[in-house]
Undergrad: 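Below: one structure in structure tokens.
A note on names: the letters A, B, ... follow the listed sequences, proteins ahead of strands, and every chain is numbered from 1.
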Amino acid sequence: MLDIKFIRENPDTVKNACRTKNFPDVVDDILSLDVRVRELKTITQTKTAEKNKISREIPTATDKAPLITKSKQISDEIAADLAELTDKEALLNDLLHRVPQIPDASAPVGADDSANIEIRRVGTPRNFDFTPRPQWELLEMNGWWMPEKIAGICGTRVYALAGELAELSLAIQTYVIQKLISKGFKYIECPSISKPQTIFNAGHFMGSDLSVMNNDVFMLTDTDRCLTGTAEIVLNSLHSDEILSENELPIKYAGFSPCFRKEAGAAGRDTRGIVRVHQFNKVEQYVFCKPEQSDEMHEHLLSNLCEVMEDLELPYRVIANSTGDMGFNKVKMNDVEAWFPSENAYRELGSCSSIGQFQARRTNTRYRENATGEVKFVATLNNTGIALPRALVPVIENHQNADGSVNIPKKLQPLMGGRTKIGGKH
RNA sequence: GGAGAUGUCGCAUAGUUGGUCUAGUGCGCCACAUUGGAAAUGUGGUAUACGGGCAACCGUAUCAAGGGUUCGAAUCCCUUCAUCUCCGCCA
């Protein structure tokens with residue numbers, strides 16, 4: 001959420017953000033409610049001050065009765081004003097939760113992903129001297145999965161990895177975690193079960209109504225809890241209600257968690273293979289920093305993911321996502337897309353996002369500035385470290401050989417016991 | 001899941017027959033004094049949010065959270081949450 005003061009002082013900027021991000025403009029309603037709420041606060045506080053004064057006089061007064069009567073009368077007046085105040089404040093609060101984060105000036109303006117801009121391309125898609133196989137054929141012929149069996153046992157959009165590819169998956173995960181640790185990230189093994197409020201505090205969804213997110217989030221029946229779609233949810237709340245010292249910042253976490261998503265909006269898409277599944281494993285980069293460090297950290301997180309792409313020897317490109325595509329809570333977003341030979345296209349493997357102080361305001365995560373002693377909200381950022389099994393798809397498709405075997409990227413070989421390839425006939 | 005105990009200003013604690021608690025004390029932290037410098041010592045200070053004000057400052061709220069009783073609640077009542085101990089179950 002945004003600072004009400006910011007909205008008061010920059011209504012046009014906020015209105016513009018609502019428009020370019022495709023969210024309803026509630027700014028005028030907020031401003032008029034805000035005026036009334038402040039009026040009521042002033043009135044009730046003045047009356048309460050008077051009541052408190054009388055209460056302090058009562059113990060020593062010789063004639064208590066008239067004071068008590070007066071105090072009761074003021075209490076009744078306060079109650080009436082308070083009823084309206086509570087009401088209006090709740091309304092205001094709800095509207096404030098519907099205001100999207102202001103996008104960065106550098107973000108392309110547009111309604112959806114068609115307005116995204118490619119900002120750089122690294123590596124060249126390989127020219128195969130044979131017909132490359134799509135992921136599902138490689139999985140099938142190497143016995144790396146068992147789609148019908150698992151669909152029968154567990155339902156669709158889930159997967160089981162078997163044998164050497166499952167080993168490679170674990171190796172990649174370990175590799176990325178170790179890389180991030182070496183760059184000063186603290187490794188956190190995160191829970192996947194959380195309270196819905198925690199998801200709400202990550203600011204992925206508009207408004208205060210927790211039921212809004214039910215379309216995307218698995219709720220656990222008979223409990224008040226749900227499954228998280230990313231470790232970001234938990235990492236975001238790790239310092240809620242704390243006042244950090246400036247010296248601690250930036251705090252960098254590498255969170256791992258199984259991730260659960262309904263993928264309700266993607267019915268019929270990516271039904272084959274292991275690109276889009278209800279449950280997957282993800283290493284997430286997450287940073288708490290000073291607002292002025294945000295851009296620097298964004299580049300840091302982005303370069304870490306790019307390095308992973310390069311270590312996996314994948315051709316990839318970096319996208320500047322448009323205002324309409326970046327989502328409710330983001331200032332800036334860069335997708336990193338790897339080349340998928342089977343689709344003859346680049347597809348998202350990770351997404352680097354600057355959130356500004358938007359999440360910190362919801363979690364009440366602040367820091368004290370050394371020079372001034374002022375307490376300010378931190379800025380937060382997140383980026384994928386690696387998402388599995390999706391990342392395996394470009395790895396096996398790009399590095400496949402004619403016999404169906406797959407060459408292991410050099411950096412991964414030590415974690416695969418020195419093997420240089422997996423699969424094929426051997 | 002069952003039984004019991006606990007939850008106070010960064011930490012540790014006092015306060016639970018309701019009003020002098022706008023929460024005391026110790027530690028920590030900051031400033032100043034003392035010192036050649038430090039330690040020790042002394043003195044003072046030490047939260048957050050919101051509202052009002054140009055400002056100095058004033059007011060309101062916060063003793064886990066929410067609700068209730070009362071003129072008045074850290075203190076009484078209810079609900080929830082968290083922690084600890086024991087039991088059960090278990091990786």
Side-chain angles (χ1 to χ4, degrees), chain A residues 1-9 30-97 189-201 208 210 220-226 234 237-249 251 256-258 288 357-378:
Chain A
M1 63 193 285
L2 298 179
D3 187 357
I4 179 75
K5 285 177 199 151
F6 179 86
I7 300 175
R8 251 178 238 153
E9 287 159 17
I30 286 175
L31 293 178
S32 62
L33 267 175
D34 177 47
V35 169
R36 182 59 182 154
V37 163
R38 280 191 289 165
E39 257 171 29
L40 287 166
K41 273 190 179 166
T42 308
I43 293 169
T44 52
Q45 286 182 4
T46 309
K47 285 181 180 171
T48 305
E50 196 184 340
K51 192 183 81 167
N52 287 347
K53 186 164 162 274
I54 293 171
S55 286
R56 264 177 259 128
E57 288 168 2
I58 288 176
T60 52
T62 41
D63 189 4
K64 294 180 167 62
L67 290 175
I68 289 173
T69 310
K70 177 72 180 164
S71 180
K72 272 183 168 168
Q73 183 205 325
I74 297 173
S75 286
D76 290 343
E77 289 174 26
I78 294 171
D81 292 332
L82 222 47
E84 189 189 344
L85 177 60
T86 310
D87 214 49
K88 293 263 158 61
E89 244 186 335
L91 215 55
L92 175 61
N93 214 29
D94 178 64
L95 290 180
L96 283 173
H97 285 127
E189 197 171 287
C190 290
S192 299
I193 296 175
S194 88
K195 297 178 180 177
Q197 183 66 40
T198 309
I199 296 188
F200 170 74
N201 285 345
S208 311
L210 293 176
L220 294 172
T221 318
D222 299 332
T223 74
D224 58 351
R225 300 201 277 177
C226 54
V234 173
S237 286
L238 236 39
H239 296 287
S240 57
D241 296 317
E242 291 182 23
I243 299 176
L244 302 162
S245 98
E246 183 180 335
N247 305 334
E248 297 176 72
L249 301 176
I251 298 174
F256 167 80
S257 79
F288 297 90
Q357 297 171 308
F358 201 84
Q359 289 179 330
R361 241 179 225 106
R362 289 200 178 187
T363 57
N364 196 29
T365 306
R366 296 168 297 171
Y367 75 102
R368 194 184 305 278
E369 212 171 52
N370 285 337
T372 61
E374 271 183 76
V375 174
K376 295 179 170 175
F377 288 103
V378 300

Undergrad: Taking only the side-chain heavy atoms of A:I243 (C-beta and beyond), determine which of B:rG19, B:rU48, B:rG51 contains the nearest atom.
TA: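 Closest nucleotide among those given: B:rU48.
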
Undergrad: How close or far is atom C1' of B:rC58 from atom NZ of A:K47, stated in whole angstroms?
TA: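 Atom-to-atom, A:K47 to B:rC58, this comes out as 19 Å.
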
Undergrad: Taking B:rU80 as the reference, what is the distance to B:rA14 when you measure between their P atoms (whole Å, please)?
TA: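 Per the computed distance, 28 Å lies between those P atoms.
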
Undergrad: Name the pairing partner of B:rA5, where a pair is Watson-Crick or G-U wobble with both distances under 3.5 Å, or state none.
TA: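 Per the H-bond distance test, B:rU83.
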
Undergrad: Nearest to the side chain of A:A49 - B:rG51, B:rG59, B:rC71?
TA: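 Output: B:rG59.
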
Undergrad: Between B:rG68 and B:rC58, how far apart are the two C1' atoms, rounded to whole Å?
TA: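 Going atom to atom, C1' in each nucleotide, I get 31 Å.
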
Undergrad: Rounding to the closest angstrom, what is the interatomic distance between B:rU79 and B:rG26 at atom C1'?
TA: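 Nearest-Å result for B:rU79 against B:rG26 at atom C1': 36 Å.
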
Undergrad: Hey, does A:Y367 have a side-chain heavy atom less than 4.5 Å from the side chain of A:V375?
TA: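 No, side chains not in contact.
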
Undergrad: Checking A:R38 against A:D34 for the salt bridge (charged side-chain N to carboxylate O under 4.0 Å, His left out) test, could you report, in this order, the C-alpha distance in whole Å, the side-chain angles of both residues, the deciding distance, and whether it holds?
TA: CA-CA 6 Å; A:R38 280 191 289 165; A:D34 177 47; 3.3 Å; yes

Undergrad: Are the side chains of A:R368 and A:L244 in contact, using a 4.5 Å heavy-atom criterion?
TA: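 Not touching, per the 4.5 Å side-chain cut-off.
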
Undergrad: Side chain of A:N52 only, please: which of B:rA49, B:rG19, B:rU60 is the nearest?
TA: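 Closest nucleotide to the A:N52 side chain: B:rU60.
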
Undergrad: Can you tell me how far P of B:rA49 sits from CD of A:E242, to the nearest Å?
TA: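 My rounded result for the distance is 15 Å.
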
Undergrad: For RNA chain B, whose closest nucleotide is more 5', that of A:E39 or that of A:T46?
TA: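 This one resolves to A:E39.
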
Undergrad: In this structure, which one of A:I30, A:I7, A:L96 forms a side-chain contact (heavy atoms from CB on, under 4.5 Å) with A:L2?
TA: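 Only one option passes, and that is A:I7.
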
Undergrad: Could you tell me whether A:E242 and A:R366 have a side-chain N and a carboxylate O separated by less than 4.0 Å?
TA: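 No, this pair does not count.
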
Undergrad: Distance check, C1' atoms only: B:rG2 and B:rC89, in whole angstrom units.
TA: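 Straight-line distance between the two C1' atoms is 12 Å.
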
Undergrad: Contact class for A:S71 vs. all strands (heavy atom < 4.0 Å): base, sugar-phosphate, or nothing?
TA: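 Sugar-phosphate, no base atom in range.
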
Undergrad: With the side chain of A:V375 defined as its heavy atoms from C-beta on, choose the nearest nucleotide among B:rA61, B:rC50, B:rA49.
TA: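 Nearest to the side chain of A:V375 among the choices is B:rA49.
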
Undergrad: Determine the Euclidean distance between corresponding P atoms of B:rU60 and B:rA5; express it in Å to zero decimal places.
TA: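 Looking at atom P only, B:rA5 and B:rU60 are 38 Å apart.
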
Undergrad: Roughly how many Å is it from CG in A:L92 to P in B:rC50, rounded to a whole number?
TA: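 Rounded to whole Å, this separation is 13 Å.
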
Undergrad: Is A:K5 salt-bridged to A:E9, going by a charged N under 4.0 Å from an acidic O?
TA: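 Salt bridge: no.
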
Undergrad: Roughly how far apart, to the nearest Å, are B:rA38 and B:rG53 at atom C1'?
TA: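 Pairwise C1' distance, B:rA38 against B:rG53, rounds to 46 Å.
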
Undergrad: CG of A:L82 versus P of B:rG68: gap in Å, rounded?
TA: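 One finds 10 Å between P of B:rG68 and CG of A:L82, rounded.
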
Undergrad: If we call it a pair only when both distances are under 3.5 Å in a Watson-Crick or G-U wobble match, what pairs with B:rU48?
TA: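 The answer is B:rA61, by the H-bond criterion.
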
Undergrad: For atom P, what is the distance between B:rA33 and B:rA55, given to the nearest Å?
TA: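 Between the two P atoms, the distance is 32 Å.
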
Undergrad: Atom CZ of A:R368 to atom P of B:rC30: distance rounded to whole Å?
TA: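 From A:R368 CZ to B:rC30 P: 13 Å.
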
Undergrad: Can you identify which nucleotide, out of B:rA61, B:rG52, B:rU48, has its nearest atom closest to the A:R366 side chain?
TA: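 Of all the options, the side chain of A:R366 is nearest to B:rU48.
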
Undergrad: Using the C1' atom in both, what is the distance from B:rU83 to B:rC29, to the nearest Å?
TA: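 Each nucleotide's C1' atom is 27 Å from the other's.
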
Undergrad: Would you call A:K47 and A:D81 a salt bridge, using N to O less than 4.0 angstrom?
TA: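 Judged by the 4.0 Å cut-off on N to carboxylate O distance, A:K47 and A:D81 do form a salt bridge.
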
Undergrad: From the options B:rG59, B:rC71, B:rU48, select the nucleotide whose nearest atom is closest to the side chain of A:Q45.
TA: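 Minimum distance to the A:Q45 side chain belongs to B:rG59.
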
Undergrad: Within the structure shown, what part of the strands sits under 4.0 Å from A:L67 by heavy-atom distance: base, sugar-phosphate, or nothing?
TA: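 A:L67: no heavy atom of the nucleic acid under 4.0 Å.
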
Undergrad: Of A:K51 and A:D3, whose closest RNA chain B nucleotide lies nearer the 5' terminus?
TA: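 It is A:D3 whose nearest nucleotide is closer to the 5' end.
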
Undergrad: Just compare B:rC50, B:rC71, B:rU60 and give me whichever is closest to any side-chain atom of A:K5.
TA: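 Within the option list, the nearest is B:rC50.
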
Undergrad: Please pick, from B:rG19, B:rA49, B:rG51, the nucleotide with the shortest atom-to-atom distance to any side-chain atom of A:P59.
TA: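 Of the candidates, B:rG19 comes closest.
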
